[in-house]
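Written below as structure tokens is the structure these notes are about.
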Amino acid sequence: MESRLLRVDLTTGECSVEVVPHAMFERWIGGSGINNWIMWEHFLTHDINCDPRGPDNIFVFGVGPLAGTGSGSGIKGRITFKSPCYGIFGDSAAGGKFPYMVRFAGFDYIAITGKAPRPVYLYLCDGEVEIRDAAHLWGKNTAEAHGALRQELGDYPSAAHTLTIGQAGEHQVGIAAVVSDASRIHARGGGGCVLGSKNLKAIAVQGSGGIRVDNPRGLLAWSRDFRQKIDQNEAIYGFKRRGTLGAVEMYQHIGSHFWRNNQGNMFRGEEVRSDNWVKKYHKYSEVCSADCYIACDGRYKIDGTESEKAKKYVGETFRRPEYLTTGSAAGALDLRDWAEVAHWGKVTNDYAIDNQDLSCSISFMMELEQRGLLSARDKGELFGRDQSLEWGNMEDVEALMHNIVHRENRFGDFFNDGPYWGALRYSEFKGENFMKYAIYGKGGASFTEEMRPFPTWMNNMAVASRGADHLKGIGLVEKFQRRDLSMKYFGRPEAADLTTPLLKGACTAVVENQVALLNSYGVCLFHWMLDPGGFTPEEYYGRAFAEITGIDRTPEELMRDGERICNLEKAFNSRLGLRREHDTVCERWMHEPCPEGMYPGKVASDMFETVLDEYYDWRGWDRKTGLQTASRLASLGLQDVAEVLAAEGALAPG
Amino acid sequence: MITINAQYQSRFREITGVEKEFFHLEQGTVAALAAQITGKYGPLMTALLMDEDSKSLNSRGTLYLNSKGQRVYLEDDLNEGETVFFMVGIAGG
């Protein structure tokens, strides 16, 4: 397999291309693994404590080896950077056509440093690179910028595919996102802010190239088997119809939503808590990528007959909201009309801002209002006006969203990095501690689901390398109570038992390693969650990886590859000073009992420290400091990383 | 003979056309309940509920809980009056 890395220095305008050595795939697999290494190497020669909004930060885009090969599963592109909102490791994935079009344009990885003197966009086409003026795109939202680029670039040698920032990125909002083809969002961590700080409005690609694979016949056989497994799975039919919204009713039943800043965990709106409305609004299904056999995407169009509030959005069409878009709108903000939920999804994509951080920031403020903690003077200081902060009021939500996207008042400035930093800044400003109302893990906003009954999920929130996160160590074994998987992974059932801390830290570590592999292959995690390959990606997807790259590993070796990738993310954060005390979650989760649903009364503190100890043990990290050990890093072939950490006092003693 | 309340969500409800119904079982097991449900609703329900390879309940994106919030498996016993919830759910996005 041949793979190329494009390096762009926006300060000098210099572009260079390197062939990615095969040894890189041997060590880092591809996708997020290689992205991580590119960033790690960059910060060996640049100050890792740099301002993430400064020219020394790096923005890496990369695709996994499966992308664009026709395997039916390799659809994800990944961006990697030092997070401007959390100040730690940052990365985010999105599907769509852009990732494989980058490969068809002749590249697999793009590493961007420096800062352009004026707004520009990067244009890639069949191996050629240009930095072009973007003055005409600046100020446009992602849909407008994508449309303008499509028109400008025409359809030869292919339709143009884009990665763009919106107004949030232009204003260097810490939680700004990056959107591909105006619809698929790299939401977490603030990648849009990094691009905005570099004056890079977009990357546009066109290409007619192909992708060499090591064993095309072998890949075709794998692909057929994968297709067969997908087609035979009736549960996937339901997933195609509803996407992640199929989970709304299940979450309502068990009490797993995130309502009003997680003061509750069940939706109140009659319409939004059932998925019957999917039929009402659904217009047609679509695939996000030609290289996906599942096709869970859908599109809505509002004609105004659906509800009184829908009349405001007549003609609006966009992707059907995913669960977390719904969770943030119908849950965190208590919007009860589905047209408003859908509109929230569209407008956050257009602005390109993470709707998890955004909803948690707005709902923090609404809870202060609910509790009578905001006087007219407080509101004047924050908003410069007497701002209404009513739960479920879309006008209030949009006003606060606008404030953050444009950083236009004290509230917008305080909360541009999400709820943790926003609450901290507001507390300091007022000289009063409001942190008990901020919902976060490791400084990152919660994703809008209830965590307290689920100790593995809670541990994920504390230890995930990019801050509170549901996608690094997915807690499916526990949430779905998969005794069979617990037996498969550990030979014991406790990982699936919600009543004990046993194997919860272990499960985080094992699944993090698996997910690191999947993210490096470029596989969509929904494929894995629907289990076509037996929940052992090191076996099933490992075969596809071997057919493409010629790197034939045992499942055990691949799991060590996954562990190596996780350890590099950890090492990055250790260099930034993160220790055990940073692997923690917010006060509400830790001490306030889960109020309702199927598992009331649960608090994180019941099991938190025990689970964290077990996690460190499974990782081979030091319990006391949370730091990595030289011996474990050496066993993973990461002596060079250990040396860097040792030199900076970021390795466990002994 | 025991009576079990089956409650359906999402895709399960779409196939059954009802939100809930009662089944009378000679044997008080999840296997007996699954046999009655698949017998009543045919191949589509069988494909959704059962995993032919492992001869167990389909575990792909599905969840079956009793009224205590515990997942049920084919071999589990059911008590008189128990409710079993049939759900699907892959969240995220």
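The sequence lines fix the lettering, A, B, ..., with proteins before strands; numbering per chain opens at 1.
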Heavy-atom pair with the smallest gap, counting every atom of B/N66 and A/M598: O-CE, 3.9 Å
Quick check on B/E19: does its CD atom have over 12 non-hydrogen neighbours (other residues, nucleotides or ligands) under 6.0 Å away? no
Where does B/Y73 contact chain A at under 4.5 Å (heavy atoms): side chain, backbone, both or neither? side chain
To the nearest 0.5 Å, atom CD of B/Q70 lies from atom OG1 of A/T499 at 8.5 Å
Answer with side chain, backbone, both or neither: which region of A/F239 has an atom nearer than 4.5 Å to a non-hydrogen atom of chain B? side chain
Heavy-atom distances under 4.5 Å only: say whether B/F85 touches chain A with side chain, backbone, both or neither. side chain
Can you find a heavy atom in the side chain of A/R242 that is under 4.5 Å from one in the side chain of B/E14? yes
Side chain, backbone, both or neither of A/D484 within contact of chain B (heavy atoms, under 4.5 Å): both
Heavy-atom distance under 4.5 Å to chain B: side chain of A/I254, backbone, both or neither? side chain
B/S67 portion near chain A, given a 4.5 angstrom heavy-atom threshold: backbone
Show, in sequence, the C-alpha distance, side-chain angles and deciding distance for B/R60 and A/E234, and conclude whether the salt bridge (charged side-chain N to carboxylate O under 4.0 Å, His left out) test is met. CA-CA 9 Å; B/R60 292 163 179 157; A/E234 181 60 24; over 6 Å; no
Any salt bridge linking A/R483 with B/E75? Criterion: basic side-chain nitrogen under 4.0 Å from a carboxylate oxygen. yes
Electrostatic pair A/E249-B/R13, nearest N-O below 4.0 angstrom: yes
